[in-house]
Peer 1: 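Let me begin by handing over the structure; questions about it come next.
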Amino acid sequence: MRKPFMAGNWKMNLSVEEGVSLALGIKDAVGDYDAVDVAVAPVSVVLPAVAQALKGSRIIVGAQNIHWEQKGAFTGEVSAEILASAGASMVIIGHSERRQFFGETNETVQKKLLAAHRAGLHPIVCVGEQLSERESGRTQAVVRGHVQGAFAAVDRALALKTTVAYEPVWAIGTGVTATPDQAQEVHAFIRTLLADLYDDDLAQTVRIQYGGSVKPDNVKGLMQQPDIDGALVGGASLKVDSFAAIVKFNG
Ligand code: 13P
């Protein structure tokens with residue numbers, strides 16, 4: 001019912017040349033594989049070249065962040081509209097690295113989510129708790145705050161065109177993946193939050209990705225869970241072989 005959706009978050013990696021080379025490799029490996037939606041998110045200055053390399057393919061190209069305003073005196077920032085004009089059709093919003101290092105808050109996430117929709121970009125909104133929050137039993141409270149904060153001003157029609165990524169911070173780049181059961185528990189919880197904010201139908205339609213040390217050897221167990229619809233992949237998305245293996249988790 002929900003088509004699997006695998007997205008590679010390249011983070012601050014790969015030059016223009018390296019990005020284009022990886023994109024072409026991914027296109028070769030999974031460009032014809034239509035059982036799964038596939039996206040890559042390069043660095044914003046690399047994005048136009050990657051979008052050009054993937055033109056005409058099924059692979060979606062997205063950015064890793066946006067500013068919420070359309071234009072203006074915001075030195076160093078990039079708007080959703082400008083990224084769309086450069087070839088983006090998707091954007092990652094509220095990644096924990098932005099929350100942790102760049103002052104992203106539930107409020108800025110909410111503004112960016114609206115800005116993404118304003119420009120017609122498909123947003124992937126990231127939510128997830130830190131290790132200390134999990135250990136002190138606050139996982140649900142943190143995830144509730146992230147989800148309710150992000151969606152507060154988003155109407156149903158736009159919420160339907162949004163993907164959520166559950167990324168427990170302690171699993172990102174650490175090699176420690178959440179177990180399929182741990183991830184499933186939070187994914188199911190996120191669906192109840194969406195059902196409360198909107199309705200059951202919407203909660204059953206929106207795709208929820210898992211992110212945090214997803215690799216070819218653990219993706220299958222995660223994808224077997226009923227509420228896990230895909231992955232947001234960091235490290236393993238930087239190599240054709242590992243990313244293609246994740247996309248083709250079903251064989
Ligand atoms: P890793 O797959 O490297 O743990 O990164 C996950 C992530 O942050 C994707 O957005």
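The analysis underlying the following values was restricted to heavy atoms, covering all of them including side chains, and did not include hydrogens, waters or symmetry mates. For the single chain, residues carry numbers from 1 onward in sequence order. Numbering of ligands and ligand atoms starts at 1, following listing order.
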Peer 1: Could you identify the single nearest non-hydrogen protein atom to atom 2 (O) of ligand 1 and state the distance to 0.1 Å?
Peer 2: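 Result for atom 2 (O) of ligand 1: G234 N, 2.9 Å.
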Peer 1: So does E107 have more than 12 non-hydrogen atoms from other groups sitting under 6.0 Å from CD?
Peer 2: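 At most 12 heavy atoms, drawn from other residues, nucleotides or ligands, come within 6.0 Å of this atom.
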Peer 1: Atom 3 (O) of ligand 1: which of G211, G235, A231 has the nearest heavy atom?
Peer 2: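 When every heavy atom of G211, G235, A231 is considered, G235 comes closest to atom 3 (O) of ligand 1.
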Peer 1: Nearest protein heavy atom to atom 7 (C) of ligand 1, by residue and atom, and its distance?
Peer 2: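 Protein heavy atom at minimum distance: E167 OE2, 3.2 Å.
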Peer 1: Within the 4.5 Å heavy-atom criterion, are L14 and L238 side-chain neighbours or not?
Peer 2: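 Yes, their side chains come closer than 4.5 Å.
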Peer 1: Distance to 0.1 Å, residue and atom name: give those for the protein heavy atom nearest to atom 5 (O) of ligand 1.
Peer 2: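 The protein heavy atom lying closest is K11 NZ, 3.2 Å.
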Peer 1: According to a hydrophobic-cluster definition based on side-chain heavy atoms being under 4.5 Å apart (Ile, Leu, Val, Met, Phe, Trp, Tyr only), do V233 and Y33 belong together?
Peer 2: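 Yes.
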Peer 1: Angle class for the Y210/H187 ring planes (parallel below 30°, perpendicular above 60°, tilted otherwise)?
Peer 2: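 Aromatic pair Y210/H187 classed tilted.
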Peer 1: Check each atom of ligand 1 against the heavy atoms of G212 and keep those under 4.0 Å away; list them by number with element.
Peer 2: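 Near G212, meaning under 4.0 Å from one of its heavy atoms, ligand 1 has 4 (O), 6 (C).
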Peer 1: Is the closest heavy atom of G175 to ligand 1 under 4.0 Å?
Peer 2: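 Flag not set, G175 not near ligand 1.
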Peer 1: Looking at A171, which atoms of ligand 1 are within less than 4.0 Å of one of its heavy atoms?
Peer 2: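 So the answer, numbered in order with elements, is 4 (O).
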Peer 1: Check contact between S213 and ligand 1, using heavy atoms of the residue and a distance below 4.0 angstrom.
Peer 2: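 Yes; S213 lies near enough to ligand 1 that a heavy-atom distance drops under 4.0 Å.
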Peer 1: Do D227 and R207 sit within salt-bridge range, that is, some charged N less than 4.0 Å from a carboxylate O?
Peer 2: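 So D227 does not pair with R207 through a salt bridge.
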Peer 1: Between ligand 1 and K215, is the shortest N or O to N or O distance under 3.5 Å?
Peer 2: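 N/O-N/O distance below 3.5 Å does not exist for this pair.
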Peer 1: Side chains of D37 and P4, heavy atoms from C-beta outward: is any pair under 4.5 Å?
Peer 2: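 No, side chains not in contact.
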